[in-house]
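Scroll down for the structure; my scribbles are underneath it.
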Amino acid sequence: MSDVLIAITVLWGFIFIYSVMATMDFGAGFWSLVYINKEKTNATNIANRYLSPTWEVTNVFIVAIVVALFSFFPGATFTLGTVLLIPGSIILLLLAVRSGFLVFSHIAEEYRKPLTYISGVTGFLIPGLLILVLPVTHGNYIEVRNGVEQLLFGELLTSYHAWSFIGFAISSTLFLSSLLLADFSNHADEEEAYKIYRRDALLLGPATLLMAFLVMFTMRYEAAWMYQGMMEQLPYLLASAFAFLLAGLFLYLPLGKRKLGWPRLAVIVIVLQYLLASYAYGRAHLPYLVYPTVTIEDGFTNPDAFRALFVSYIFGFAILFPGFIYFWKLFMKDKRYAKQQKSGYSK
Amino acid sequence: MDHLETARAMFGTTMAFHIIFATLGVGIPLMVLFAELFYQKTKDRDFAVMANRWTKGFAVLLGVAIPSGTIAGVQLSLLWPGFMEVIGEVMALPFQIEIYAFFVEALFMSIYVYAADRISPWMRIVSLSLVALGAVASAILITNVHAFEGTPAGFRIENGEIVDVNPWEAFFNPAFFTTAGHVVVSAYTTGGFVIASIAAFKMMRQPVGSRLRRFHQKALLLGLIVGGIFSLLTALNGHESAQLLHEYQPEKLAAAEGLFETQDYAPLAIGGFTDRETEEVKWAIEIPWALSFLSGNRFDTVVQGLNDFPEKWWPPLYVHTLFNAMVGIGSLLILIAAGGLGWYKFIKKRPFPKPLMGLFIASGPLAVLAIEFGWIFACTGRQPWVIYRMMTTEDAVTGATQLGVLFPLFGFVYIVLGIAVILVLRFYFKKHPVQDEIDMQE
Ligand code: HDD
Ligand code: HEM
Ligand code: HEM
């Protein structure tokens, strides 16, 4: 693989990991809000127990993406920085409010409800805005004025294409997080919560599929070059659709001694499904970072800097790996944690 | 305000907000670590209570440090795309390595807070050390980018193209160690004095000789010891930073000292305000020869004055006042710590006198102010350059024009978060008074 392909693969890998972790994270925040009044089902507790230790780690990925972007592709920084100023700033503001109030809601028990409302709602808005970066890179909403690229924010917000992406982001967020929380509550033997989240996932899955089709449909008219690229990756798209159905099956069917599906399998297959779909999307997007002005080739950094960065990635993640495993063991595998009644702060 | 000024004000506001939480995020874990270690050594449960309470406070502060840092990081690319283009090509390593530091801190912070009851005491100390290490590493690495702005190395700009890139030479630029060292020791200073401040404040509200007063006094002493040691180191290292300016950014040193004429046996002007018209520092105390000695360890060191440089390269002249305020606070902090510890050691029988308690209470906010002054001095003192003698700030700024709307929005969110964090901290510690925790432990 050439250097530039390695770089874009690492970047896309971060984007993929973040998008899965973040949808689960923001979604969990939203569910903890929705079920806040259902005291006896524990659905809110489950969501919070998942959310409390993970949000910080998830947040680091957003920084990792920005750093990977300007360090591997400094030539794209000017264009992206300029056109993303407005949407980027709005995301940052929502993120700040969301993270802050999420932590506050764990600390100030008596004000938990209003604080959870604020963090839940702001968090819910973020994925819809984050995904707007994708249609922006499709190029239709950028105009050069006085030699400077400007984002046509109004036109972006009134396009069907953008809205199909927003719809997709929101339904994905709710779908992925309910699926994950179903698995998490199953793991914690929380029968009631499991039933609730499984039901939500079964409802939202088809909605998400529908949104994905809508994205393809609007893409055909508003970003024909992307659509063509996607069609060249048809086998991946079909495999992805198949994986989606399989996950639905795992969740739905009363298999073996469990009466209500196999959530763990469903989660794994769904992550695989998103991987396939985003691979197809990423491939179709190449060689453009921003269509039609910035390609990966002309944005790429110099070979020395690339080599130094690459070595640092390998070292960094080799050192971090045990940390991630330990973290996972303590919070995702250890039933004592999943079953705990109270969060760590309140003791 | 024109476009460039708005961008600068906006970024400066973000940084000024972030730095409060970031500095405490470096300083407080060290205090928690000391408390844990003291507890393991002396088995005095009060220290365990302190570690526990400070961690709670720290976790709340992180809730603001992390999102505001995320804003800082992303805003660099959004507001200064021209700058980040160069950084991306030349100085990406510190940002990259910083990500690993963030991961270490985030992973082990969650483990320390949420898995405390399921891991061994030994593992708790390891986790805590890793949190402290992650925090300090991220501070060192980001400061390195700032050091690079002042003493760029490892590349050249030829016809607008970046050539001869050497990422490691850029990483180990001349100011790296001194600057990073200064930021770290000043953050530990701040951590120590902020704890001392709070402890002194609480002590005042308890009757002399009471159990709670003794508890807070232990915290006060720990804060004074740590703060005292690190404020001394800060001053020593700050002196080195100034010598670095003498060598690499002479016009910045000249502005910091209000010196217009190049001279040997240069006097040091303490306090006062630089006056452009008369080319002198008004209402300052002058110490003859001192500036020359401080700059080069010899009285006959020639110190360059502002008149040696074209006026369009001059930093704003008010940096003299900022610089002096920082140094003044630094010196005062050393005295406060020495006074407090001396009193305790030699006149132990009697409680601290009221004025001294007042100084203790003031020390934490003063340290935070010194941090703010130091940064504003370092950043505005570099103007008009964003990368010294390589790129002006004007060339780095974004072309997007909607800053006027965004600036107030960011300001508003910082105010909301700032107020909320104070309310939440007060609420939490009111609901969980020290007495309860001491009772629980006993
Ligand atoms: C508690 C905080 C604190 C205290 C007491 C001091 N400083 Fe400081 N100083 C900082 C916190 C700080 C800082 C916020 O960390 C800065 C801003 C940028 C930087 O690199 O460190 C800084 C910058 C800074 C610079 C500018 C470096 C540059 O522009 O590149 C100099 C010359 C000094 N300091 C010197 C001193 C001296 C001689 C002190 C004597 C006591 C002192 N500082 C106390
Ligand atoms: C954390 C404390 C910091 C504070 C309070 C601070 C403050 C400021 C202020 C007030 C400005 C505006 C300068 C002016 O226009 O006069 C500024 C600009 C800037 N600072 Fe800092 N700064 C901090 C840290 C940093 C660090 C760590 C970096 C490097 C990574 C940095 C990089 C910049 C850049 C790129 C600009 C914009 C261009 C410029 O005006 O020079 N700052 N900062
Ligand atoms: C331009 C300057 C700066 C940038 C771009 C920046 C960036 C960031 C970012 C992105 C985060 C959030 C990390 C996360 O997601 O977990 C953060 C947090 C933090 N930063 Fe800053 N920072 C700057 C200045 C500083 C300085 C000067 C210090 C130290 C004195 C510092 C120390 C910290 C600490 C302790 C945290 C919180 C804990 C953590 O590491 O996650 N930062 N910063």
Side-chain angles (χ1 to χ4, degrees), chain A residues 52-54 56-57 59-60 62-64 66-67 70-71 73-75 77-78 80-86 88-89 92-93 95-97 99-104 107-108 110-111 148-151 301-302 304-305 308-309 312-313 316 319-320 323-324 326-327 330-331 334 336-337 343-345, chain B residues 56 59-60 62-64 66-68 70-71 73-75 77-78 81-82 84-90 92-93 95-97 99-100 102-104 106-111 113-119 162 165-168 398-402 406 409-410 413 416-417 420-421 424 427-428 431:
Chain A
S52 308
T54 51
E56 266 186 79
V57 180
N59 191 71
V60 179
I62 216 176
V63 188
V66 174
V67 169
F70 73 67
S71 59
F73 301 102
T77 312
F78 214 106
L80 278 175
T82 309
V83 298
L84 291 180
L85 178 72
I86 298 268
S89 299
L92 287 175
L93 289 168
L95 207 59
V97 172
S99 311
F101 282 79
L102 180 69
V103 172
F104 301 158
I107 298 263
E110 258 154 53
Y111 299 96
V148 183
E149 281 144 321
Q150 300 282 352
L151 177 67
T301 187
N302 62 76
D304 286 329
L309 285 172
S312 108
Y313 268 102
I319 292 170
L320 283 173
F324 280 111
Y326 186 52
F327 185 82
L330 279 174
F331 295 113
D334 191 340
R336 276 181 300 168
Y337 178 71
S343 71
Y345 284 116
Chain B
K56 295 284 150 62
V60 180
L62 265 195
V64 182
I66 291 175
S68 65
T70 308
I71 293 182
V74 182
Q75 224 171 46
S77 299
L78 294 177
M84 289 313 273
E85 212 173 333
V86 179
I87 292 294
E89 189 119 346
V90 187
L93 277 173
F95 276 106
Q96 187 56 57
I97 304 172
I99 299 290
Y100 313 133
F102 286 153
F103 272 126
V104 168
L107 289 171
F108 287 93
M109 182 64 204
S110 295
I111 289 171
V113 172
Y114 292 101
D117 45 349
R118 287 178 293 136
I119 58 180
I162 301 164
V165 175
N166 181 343
W168 289 108
T398 174
T401 48
Q402 301 91 341
L406 293 175
L409 281 177
F410 277 96
V413 167
V416 169
L417 285 176
V421 84
V424 168
F427 173 82
Y428 180 84
K431 282 231 56 185

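Lettering of chains follows the sequences in order, A, B, ..., and the numbering in each one begins at 1.
Listed by chain and number, the residues in a side-chain hydrogen bond (donor to acceptor under 3.5 Å, both in side chains) with Ser312(A) are Tyr100(B) (sequence neighbours excluded). Residues meeting the ring-ring contact (aromatic ring centres under 6.0 Å, His included) test with Phe327(A), sequence neighbours left out: Phe331(A).
With contacts defined as side-chain heavy-atom distances shorter than 4.5 Å, the pair Leu95(A)/Pro67(B) does not qualify. Residues Val416(B) and Val97(A) form no side-chain contact, since every pair of their non-hydrogen atoms from C-beta on lies 4.5 Å or further apart.
In this structure, the portions of Ile111(B) lying under 4.5 Å from any heavy atom of chain A include both its backbone and its side chain. If you measure heavy-atom distances from Ile119(B) to chain A, the contacts under 4.5 Å come from the side chain alone. With a 4.5 angstrom heavy-atom cutoff, Val421(B) touches chain A via backbone and side-chain atoms both. Both the backbone and the side chain of Pro81(B) come within contact range of chain A, each with at least one heavy atom under 4.5 Å from a heavy atom of that chain. With a threshold of 4.5 angstrom between heavy atoms, Val64(B) approaches chain A through side-chain atoms but not through N, CA, C or O. For Ile62(A), the part lying near chain B is the side chain, with the backbone staying farther off; criterion is any non-hydrogen pair under 4.5 Å. The contact between Val165(B) and chain A is made by backbone and side chain atoms together, counting heavy-atom distances below 4.5 Å. Neither the backbone nor the side chain of Phe73(A) comes within less than 4.5 Å of any heavy atom in chain B. Heavy atoms of Val57(A) lying under 4.5 Å from chain B belong to its backbone as well as its side chain. For a residue to count as touching a neighbouring chain, one of its non-hydrogen atoms must lie under 4.5 Å from one of that chain's; by this rule Phe410(B) touches chain A with backbone and side chain alike.
For the side-chain contact (heavy atoms from CB on, under 4.5 Å) criterion with Ile99(B), the lone passing option out of Val66(A), Val67(A), Leu320(A) is Val67(A).
Considering only heavy-atom pairs separated by less than 4.5 Å from chain A, the leading option among Thr398(B), Val104(B), Leu93(B) is Leu93(B). Counting heavy-atom pairs under 4.5 Å between each of Ser89(A), Gly88(A), Ala305(A), Gly75(A) and chain B puts Ser89(A) at the top. With chain B as the partner, the residue from Leu151(A), Leu93(A), Leu102(A) showing the most heavy-atom pairs under 4.5 Å is Leu93(A).
Dense packing is recorded around OH of Tyr326(A), with more than 12 heavy atoms of other residues, nucleotides or ligands lying under 6.0 Å away.
Panel note: side chain Asn302(A), backbone Glu89(B); a donor-acceptor pair is recorded below 3.5 Å.
Remark: aromatic rings of Phe104(A) and Tyr111(A) are distant, center separation not under 6.0 Å.
Side chains of Asn59(A) and Ser99(A): a donor-acceptor N/O pair is absent below 3.5 angstrom, by distance only.
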